Amino acid sequence: MHEFFLPVIQNALRSKGIETSKQINIEQPSDKKFGDYSTNIALLTAKECNRNPRELAQQIIEHLVFPPDTIAKIEVAGPGFINFYLTPFFIMHYVEQVLLDGNEYGKGRIGEGKRAIVEYVSANPTGPLTIGRGRGGVLGDCIANLLETQGYEVTREYYFNDAGRQMQILGESVRFRYLECCGQTIEFPDTHYQGEYIREIAENIYNAHGVALANSNELQIFKNSAEELIFSSIKKTLERLSIRHDSFFNEHTLYTPDEAGITANQRVIDALRENGYIAEYDGATWFLTTKLGQEKDKVLIKSSGEPSYRLPDIGYHISKFERDFAMMVNVFGADHIDEYPDVIEALKILGFDTNRIKIAINQFVTTTVDGQTLKMSTRKGNADLLDDLIDDVGADATRLFFIMRSKDSHLNFDVELAKKQSKDNPVFYLQYAHARICSLLRIALQETGFDPAFSKEYNLLQLLTSPVELQLGFALLDYPDMIKTSLRLLEPQKMVEYLHSLAELFHRFYQECPIIKAETDICKARLFLSLATRQVLRNGFRILGVSAPESM
RNA sequence: GUGCCCGUAGCUCAAUGGAUAGAGCAUCAGCCUUCUAAGCUGAGGGUUACUGGUUCGAGUCCAGUCGGGCGCACCA
């Protein structure tokens with residue numbers, strides 16, 4: 001709707017000779033008595049023009065020219081708001097558009113011809129996925145879905161490292177458990193991975209090789225089989241939540257020399273050095289972030305000769321620029337917050353357009369069981385496993401729980417409540433609306449023989465004039481704006497909120513308006529409205545990755 | 001100590017700087033002989049942690065105070 005109002009208001013301002021740097025906001029008032037849409041442009045520009053806002057608003061109104069039959073009423077209200085009321089004709093005409101567009105309804109074109117990359121999950125294969133990782137995974141998947149609705153060609157990427165110190169410890173952990181299988185008594189170090197899955201991997205190896213590996217100090221086989229098993233279990237877990245990646249980027253490629261015999265890491269060092277941001281001291285190679293006003297320089301190459309995580313991170317992002325992505329979204333948990341500024345600074349120094357990079361940070365998930373908050377750690381093996389949660393509450397509820405809160409808020413996951421499978425579960429409310437519509441359409445077909453999907457009598461929609469019908473129609477028309485807002489904020493939670501209010505309106509409509517029992521034309525019109533509602537629910541569910549059951 | 005996030009109803013959370021701060025759960029009172037009651041209608045419940053500031057207007061922005069979470073390695 002923004003596109004609908006914007007040019008008209010701009011024209012009115014121009015013909016009044018008003019120049020303003022202020023942005024024209026079109027918003028929905030919290031209360032319907034202030035109109036369907038509203039703008040505060042008169043309030044914003046009054047001071048610049050040295051005018052009374054209400055007077056100014058009145059004069060702007062006189063110059064507004066809308067297409068016929070679209071706006072029922074325009075008024076000045078309060079301190080100087082301009083409020084717009086849509087005609088019932090316009091609303092119902094738009095519902096028709098929902099039916100015509102079908103699965104395409106809500107799509108936009110701002111990303112057409114552009115490539116975007118979303119990086120998410122990116123857990124190293126040291127253990128099964130935890131609930132905390134799940135939140136980022138679902139968030140990333142939904143953001144990728146949102147980007148696709150706007151025409152972006154999206155790459156879903158998983159960045160991982162199977163070479164570092166943690167993998168070494170993983171291999172050793174498995175070896176210790178294996179030795180236990182062989183009958184040895186081991187003092188298992190606190191620093192190592194204590195999860196039950198390590199034993200299982202060790203038992204697998206024991207079953208395959210017996211005691212043959214007990215006297216070797218070779219870690220490779222333990223590390224490799226652990227990595228293989230853990231990675232496949234991670235992928236399986238993600239699959240259960242319909243989270244998929246189409247690109248796996250191994251950090252190790254940044255350590256591998258190219259045709260010229262130079263590694264990506266080395267190129268980063270060389271380029272930063274050329275710009276005067278590299279120095280060697282204390283045996284290490286440093287990124288001189290003190291020159292950028294930070295307290296300390298940051299190590300890029302440790303005195304051992306190995307790069308720290310920052311160096312490949314920079315190289316990794318350069319690879320995204322080289323792959324020519326117009327938008328790069330990084331999704332990660334709050335514990336990774338501090339690594340970002342350095343990477344961005346380095347990229348700026350090297351002349352990259354860092355505005356293309358968007359960071360979506362999700363706050364932590366705390367789980368409460370019996371009112372007790374649990375602290376999680378993969379290494380201690382007491383983490384809440386994502387798989388267990390999916391077992392308990394199902395994939396739909398898991399996904400919805402993760403995105404029904406703003407990513408900036410700590411998510412309090414009450415495991416007991418989620419396990420209940422009761423009607424308290426918010427996912428049921430949304431899905432029930434969809435199932436209800438499906439049932440309605442089935443019965444309508446049976447009893448009246450009318451199938452709205454194969455009829456084009458859309459003009460019948462104009463018969464619907466009751467407040468709840470118009471409110472429902474209006475909500476449908478708001479869907480495309482909702483997607484854009486959600487994407488701009490990288491916040492799928494907005495979609496959940498919207499779909500909830502849409503479901504609520506439908507339930508009310510269903511309660512107040514007899515549909516199959518209504519007179520023929522009214523019945524048809526209400527079935528059209530129901531069908532359009534189902535379409536928007538479906539389209540929204542697809543973005544959230546929640547299933548749309550035909551019956552419940 | 002310091003960087004980021006958060007503090008809103010009994011609980012979990014909403015509210016692109018807008019008009020009377022809203023949902024769900026919980027509590028209470030109604031609505032199924034009628035298209036799915038996993039639903040609908042209504043009631044109660046608030047000094048938006050605190051103190052200042054910015055402006056036509058602040059839960060929202062700024063400064064400070066208090067409280068909670070996450071970081072602050074030559075780990076990733």
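What you see below is based on every heavy atom in this structure, not just the backbone, and it leaves out hydrogens, waters and symmetry mates. Every value quoted in this text rests on a predicted model; they were computed, and no experiment measured them. Letters A, B, ... mirror the listed sequences (proteins, then strands); counts begin at 1.
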Considering only the P atoms, how many Å lie between B:G69 and B:U60, rounded to the nearest integer?
-> 23 Å
Please name the residue in the list A:F509, A:Y479, A:Y37 that meets the ring pair (Phe, Tyr, Trp, His ring centres under 6.0 Å) test with A:F474.
-> A:Y37
Provide the Watson-Crick or G-U wobble partner of B:G30, both distances under 3.5 Å; none if there is no partner.
-> B:C40
Do you see a donor-acceptor pair shorter than 3.5 Å between the side chains of A:E339 and A:H336?
-> yes
Whole-Å gap separating C1' (B:U34) and CD (A:E447) | 11 Å
What about A:S501, does its side chain sit under 3.5 Å from the base of B:A23 through a donor-acceptor pair?
-> no
Side chain of A:A435: nearest nucleotide among B:C74, B:A76, B:U36?
-> B:U36
Remember a base hit wins even if backbone is also touched, and classify A:E512 as base, sugar-phosphate or nothing at under 4.0 Å, heavy atoms.
-> nothing
Nearest-Å distance, CG (A:D408) to C1' (B:G68)?
-> 16 Å
Phosphate oxygens OP1/OP2 of B:A14: is one of them under 4.0 Å from a side-chain N or O of A:K494?
-> no
Between A:E491 and A:R405, is the closest basic N to carboxylate O distance under 4.0 Å?
-> no
Which value, in whole Å, describes the distance between the C1' atoms of nucleotides B:G22 and B:U48?
-> 12 Å
Rounded to whole angstrom units, what separation is found between the NE2 atom of A:H507 and the P atom of B:G24?
-> 11 Å
Residues A:E119, A:K320: salt bridge by 4.0 Å N-O rule = yes
Give A:N412 one of three labels, base, sugar-phosphate or nothing, depending on what nucleic acid heavy atoms sit under 4.0 Å from its own.
-> sugar-phosphate
Look at the side-chain N and O atoms of A:S308 and state whether any lies under 4.0 Å from the OP1 or OP2 oxygen of B:C74.
-> no
Pick base, sugar-phosphate or nothing for A:C438, based on heavy-atom distances below 4.0 Å to the nucleic acid.
-> nothing
Heavy-atom nearest nucleotide on RNA chain B taken for A:T485 and for A:E550; more 5' hit belongs to A:T485
Using atom C1' of each nucleotide, how far apart are B:U36 and B:U47 to the nearest Å?
-> 45 Å
Considering only the P atoms, how many Å lie between B:A23 and B:A9, rounded to the nearest integer?
-> 16 Å
In whole angstrom, give me the gap between the C1' atoms of B:A21 and B:A58.
-> 12 Å
P atoms of B:C28 and B:G67, separation to the nearest Å = 38 Å
With heavy atoms under 4.0 Å as the rule, sort A:D481 into base, sugar-phosphate or nothing.
-> nothing
Quick one: label A:A444 by what it contacts on the DNA or RNA (base, sugar-phosphate, nothing), any heavy atom closer than 4.0 Å.
-> nothing
Please work out if A:P514 contacts a base, only the sugar-phosphate, or nothing of the nucleic acid, heavy-atom cut-off 4.0 Å.
-> base
Look at the side chain of A:D31 against the base of B:A21 and say whether a donor-acceptor pair falls under 3.5 Å; ignore hydrogens and angles.
-> no
Using a heavy-atom cut-off of under 4.0 Å over every strand shown, decide if A:R405 touches base, sugar-phosphate, or nothing.
-> base
Please work out if A:H410 contacts a base, only the sugar-phosphate, or nothing of the nucleic acid, heavy-atom cut-off 4.0 Å.
-> base
Base of B:A76 paired with side chain of A:Y309 (donor-acceptor, under 3.5 Å) = yes
Complement of B:U47, any strand, by Watson-Crick or G-U distances under 3.5 angstrom = none
Describe the nucleic acid contact of A:D282 in one word from base, sugar-phosphate, nothing, applying a heavy-atom distance below 4.0 Å.
-> base
Distance between the C1' atoms of B:U65 and B:G57, in whole angstroms?
-> 26 Å
Does a nitrogen or oxygen in the side chain of A:K302 sit under 4.0 Å from OP1 or OP2 of B:C75?
-> yes
Between A:Y120 and A:N330, does any side-chain donor sit less than 3.5 Å from a side-chain acceptor?
-> no
Residue pair A:R51 / A:Q59, side-chain donor-acceptor N/O under 3.5 Å = yes
For nucleotides B:G53 and B:G45, find the distance between their P atoms and express it as a whole number of Å.
-> 31 Å
At under 4.0 Å between heavy atoms, what does A:S551 touch on the DNA or RNA strands: base, sugar-phosphate, or nothing?
-> base
In whole angstrom, what separates A:L400's CG from B:A23's P?
-> 19 Å
Checking N1-N3 plus N6-O4 or O6-N4 for Watson-Crick, or N1-O2 and O6-N3 for wobble, each under 3.5 Å, the partner of B:C25 is B:G10
Face-on cation placement of A:K73 at A:Y85 ring, 6.0 Å and 45° thresholds | yes
When all nucleic acid strands are considered with a 4.0 Å heavy-atom cut-off, which category describes A:D338: base, sugar-phosphate, or nothing?
-> base
Nucleotide paired to B:U2 in any strand shown, Watson-Crick or G-U, under 3.5 Å = B:G71
To the nearest Å, how far apart are A:H500 NE2 and B:G22 C1'?
-> 12 Å
Just to confirm, is there a sub-4.0 Å distance from OP1 or OP2 of B:C5 to any side-chain nitrogen or oxygen of A:S406?
-> no
side-chain N/O A:Y429 vs B:C40 OP1/OP2, d < 4.0 Å = yes
Pairing partner of B:U54 (Watson-Crick or G-U wobble, both distances under 3.5 Å) | none
Let me know the distance between CG of A:L311 and P of B:C75, rounded to the nearest Å.
-> 13 Å
Across the strands shown, which category fits A:I443 at heavy-atom distances under 4.0 angstrom: base, sugar-phosphate, nothing?
-> sugar-phosphate
Judged by nearest nucleotide, the residue sitting upstream toward the 5' end of RNA chain B, A:E306 or A:I82, is A:I82
When the ring planes of A:Y159 and A:F249 are compared, do they come out parallel, tilted or perpendicular, using 30° and 60° as the limits?
-> tilted
State the syn/anti category of B:C66 according to its glycosidic angle, syn meaning within 90° of 0.
-> anti
Aromatic ring proximity, centroids under 6.0 angstrom, A:F332 and A:Y340 = yes
Has A:R436 got a side-chain N or O lying under 4.0 Å from the OP1 or OP2 atom of B:G39?
-> no
Separation of B:C31 C1' from A:R508 CZ (nearest whole Å) = 16 Å
According to a strict under-4.0 Å criterion, is A:S439 in side-chain N/O contact with OP1 or OP2 of B:U36?
-> yes
Could you check how far OH of A:Y340 sits from C1' of B:C72, rounded to whole Å?
-> 18 Å
